[in-house]
Amino acid sequence: MKAVAETGRALPSAERVNIPRTRRYRPYLILLPAFLLTAGILYPFGVAIYYSLTNFSFKYEKFSFVGLENWADMFRDPGFWHSLWITAKYALLATGAEMVIGVGIALLLNRETRLARSLRIVLIFPLMIAPVIATLIWQLMINYSVGVIGHGLRWIGITDFTWAADPDTALFTVVLIDAWVYTPFVILLTLAGLRSLPKAPFESAMIDGGSAWFTFRNLTLPMILPFLLIALVFRLMVSLQEFSIIFALTSGGPGDTLMTLPLTAYTEGFTYKELGYALPHMLVLWLIVFIASRILIKYWSRAQGRASGVEEGTT
């Protein structure tokens with residue numbers, strides 16, 4: 001008797017009976033984790049959409065369907081547009097700073113010296129610290145009375161830098177902490193890209209007298225661009241959703257200076273108990289993250305093709 005893969009025909013019923021049960025159910029068992037994962041994602045998402053169309057509140061036992069009323073109220077609320085602007089500004093500043101600093105440090109550490117090897121190990125430490133703990137550490141360091149950074153600023157004559165207590169410097173403070181925590185992630189991905197590059201093109205450029213900037217712009221950057229886009233996707237997605245650092249530092253203050261979409265949704269849902277009104281904020285944030293990630297993944301696919309020498313549209 002030949003197998004189905006060899007004959008290309010379906011097995012007769014008599015032959016199917018002889019197949020062990022574990023073998024018959026194997027395809028379903030293989031697909032089961034994917035099905036459970038998909039259900040685990042889609043079910044909460046569907047529940048969120050449903051409750052966003054109701055006046056559900058933790059303050060009352062009953063709720064009713066209100067259609068798009070929550071969405072209309074959200075779009076009419078100036079606080080929503082303010083939080084949307086703060087979310088975008090925070091994500092762009094934090095991600096941009098981490099990409100620039102991370103790529104620069106990775107280029108400096110891409111060498112086999114004792115100092116470079118030691119620094120590659122040390123720079124991983126911030127990734128091993130929870131963002132909330134990192135924020136508490138920074139709160140101590142920037143404290144005017146006992147903080148090492150506050151003491152250093154006093155030593156150079158700066159005595160009025162108020163950090164997160166001032167609306168003008170609060171965003172800078174949280175971006176600084178975010179960059180300290182997550183820049184090592186960019187460094188690691190960039191170093192992985194640099195270590196995977198072939199040596200022949202760079203040796204040829206050196207023989208031809210190419211400058212360091214020419215080599216970086218025309219060889220290094222195009223080749224490591226897929227790695228940079230991967231880092232950009234992950235960091236932008238996380239920055240758009242950042243909650244823990246801002247909440248631990250100022251809880252969105254001073255005032256509403258740092259009220260991003262996640263903090264606004266949290267405040268509406270768990271402080272004011274209006275979950276039905278809070279959910280549209282999170283669904284808008286999901287839509288922004290989805291669109292941004294799709295665009296970046298599209299560019300990543302193109303960059304990967306160019307880096308491997310395959311032009312788009314060729315087979």
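One-based numbering along the sequence shown. The shown structure was predicted, so the numbers you read here are calculated from the model rather than taken from an experiment.
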Legend entry - Point-to-point distance, once rounded to the nearest 0.5 Å, from CZ of Arg235 to CD1 of Ile230: 15.0 Å

Legend entry - Ile245, Thr250, Thr173 screened by side-chain contact (heavy atoms from CB on, under 4.5 Å) with Leu258, the one that passes: Thr250

Legend entry - Trp138 CH2 to Ile149 CD1 distance, which is reported to the nearest 0.5 Å: 4.0 Å

Legend entry - Taking every non-hydrogen atom, the tightest pair across Pro184 and Ala179: CD-O, 4.4 Å

Inset, instruction - Evaluate whether atom OH of Tyr272 has more than 12 neighbouring non-hydrogen atoms of other residues, nucleotides or ligands under 6.0 angstrom away. - result: no

Inset, instruction - Taking all heavy atoms of Ala48 and all of Leu279, pick out the closest pair and write down the distance. - result: O-CD1, 3.6 Å

Inset, instruction - Determine, stepwise, if the pair Thr162 / Asp168 fulfils side-chain contact (heavy atoms from CB on, under 4.5 Å). - result: CA-CA 9 Å; Thr162 50; Asp168 295 331; over 6 Å; no

Inset, instruction - Please check if the side chain of Thr264 supplies one atom and the backbone of Thr260 the other of a donor-acceptor pair under 3.5 Å. - result: yes

Legend entry - Donor-acceptor under 3.5 Å (Thr257 side chain, Pro254 main chain): yes

Inset, instruction - Report whether Ile246 and Leu171 are members of the same hydrophobic cluster (ILVMFWY, side-chain heavy atoms less than 4.5 Å apart, transitive linking). - result: yes

Legend entry - Separation of Leu31 CG from Leu36 CG (nearest 0.5 Å): 11.0 Å

Legend entry - Side-chain (Arg111) to main-chain (Ala116) donor-acceptor, under 3.5 angstrom: no

Legend entry - ILVMFWY cluster, Tyr299 and Leu92 together (side-chain gap under 4.5 Å): no

Legend entry - Validation row, ring centre Phe63 to ring centre Phe65 under 6.0 Å: no

Inset, instruction - Output yes when a side-chain donor or acceptor of Asp77 lies under 3.5 Å from a complementary backbone atom of Asp73, and no otherwise. - result: no

Inset, instruction - For the pair Asn55 (side chain) and Ser64 (backbone), establish whether a donor and an acceptor sit closer than 3.5 Å, ignoring hydrogens and angles. - result: yes

Legend entry - Aromatic ring proximity Trp163/Tyr144, centre distance under 6.0 Å: no

Inset, instruction - Decide if atom CD of Glu112 counts as having more than 12 heavy atoms of other residues, nucleotides or ligands within a radius under 6.0 Å. - result: yes

Inset, instruction - Would you mind reporting whether Ile156 and Leu153 have side-chain heavy atoms less than 4.5 Å apart? - result: yes

Inset, instruction - With rounding to the nearest 0.5 Å, note down the distance linking CD1 in Ile291 to CG in Leu296. - result: 12.0 Å

Legend entry - same_hphob_cluster(Trp300, Phe290) at 4.5 Å side-chain heavy-atom cutoff: yes

Inset, instruction - Verify the cluster assignment for Val174 and Val100: are they in a single hydrophobic cluster under the rule of side-chain heavy atoms below 4.5 Å apart? - result: no

Inset, instruction - Look at the side chain of Thr135 and the backbone N and O of Leu249, then say whether any donor-acceptor pair between them is shorter than 3.5 Å. - result: no

Inset, instruction - Would you sort out whether Thr95 and Met99 count as a side-chain contact (heavy atoms from CB on, under 4.5 Å), showing the intermediate values? - result: CA-CA 6 Å; Thr95 305; Met99 293 299 298; 4.2 Å; yes

Legend entry - Exercise: identify the closest heavy-atom pair between Val284 and Trp71: CG2-CZ3, 3.8 Å

Legend entry - Flag if over 12 foreign heavy atoms under 6.0 Å of CZ, Phe45: yes

Legend entry - Nearest non-hydrogen partners of Gly40 and Pro44, listed with the distance: O-CD, 2.9 Å

Legend entry - 4.5 Å side-chain heavy-atom contact, Leu194 and Leu197: yes

Legend entry - Side-chain donor or acceptor of Thr183 paired with backbone N/O of Gly102 under 3.5 Å: no

Inset, instruction - Check the pair Asn70 / Ser52 against side-chain contact (heavy atoms from CB on, under 4.5 Å), numbers first and verdict last. - result: CA-CA 7 Å; Asn70 290 326; Ser52 72; 5.5 Å; no

Inset, instruction - State, yes or no, whether a side-chain contact exists between Thr54 and Tyr51 at a heavy-atom distance under 4.5 Å. - result: yes

Legend entry - Main-chain N/O of Gly193 paired to Ser196 side chain as donor or acceptor, under 3.5 Å: yes

Inset, instruction - Go through the side-chain N and O atoms of Tyr90 and Asp178 and say whether any donor and acceptor fall under 3.5 Å apart. - result: yes

Inset, instruction - Rounded to the nearest 0.5 Å, what's the gap from CZ on Phe234 to OG on Ser293? Could you check? - result: 10.5 Å

Legend entry - Cationic N near anionic O, under 4.0 Å, Glu242 to Lys89: no

Inset, instruction - Identify, with sequence neighbours excluded, every residue that meets side-chain hydrogen bond (donor to acceptor under 3.5 Å, both in side chains) alongside Asn143. - result: none

Inset, instruction - Might you confirm whether atom CZ of Arg114 has over 12 heavy atoms from other residues, nucleotides or ligands at distances under 6.0 Å? - result: no

Legend entry - Lys/Arg-Asp/Glu bridge criterion (N-O < 4.0 Å) met for Arg76, Glu69: no

Legend entry - Leu188 side, atom CG; Leu109 side, atom CG - distance, nearest 0.5 Å: 10.0 Å

Legend entry - Check: Asp256 main-chain N/O paired with His82 side-chain donor or acceptor under 3.5 Å: yes

Legend entry - Student check: side-chain heavy atoms of Met259 and Thr267 closer than 4.5 Å: yes

Legend entry - Side chain proximity check, Ile129 to Trp180, heavy atoms < 4.5 angstrom: yes

Legend entry - Exercise: identify the closest heavy-atom pair between Pro222 and Arg217: CD-O, 3.4 Å

Legend entry - Derivation of the side-chain contact (heavy atoms from CB on, under 4.5 Å) call for Leu119 and Leu115: CA-CA 6 Å; Leu119 289 177; Leu115 178 60; 4.0 Å; yes

Legend entry - Same cluster (ILVMFWY, side-chain, under 4.5 Å), Leu225 and Phe214: no

Inset, instruction - May I ask you to say whether Lys59 pairs ionically with Glu274, meaning some side-chain N is under 4.0 Å from a carboxylate O? - result: yes

Legend entry - Side-chain heavy-atom pair Tyr182, Ser239 within 4.5 angstrom cut-off: no

Legend entry - Ala91 versus Leu240, closest heavy-atom pair with distance: CB-CD2, 3.5 Å

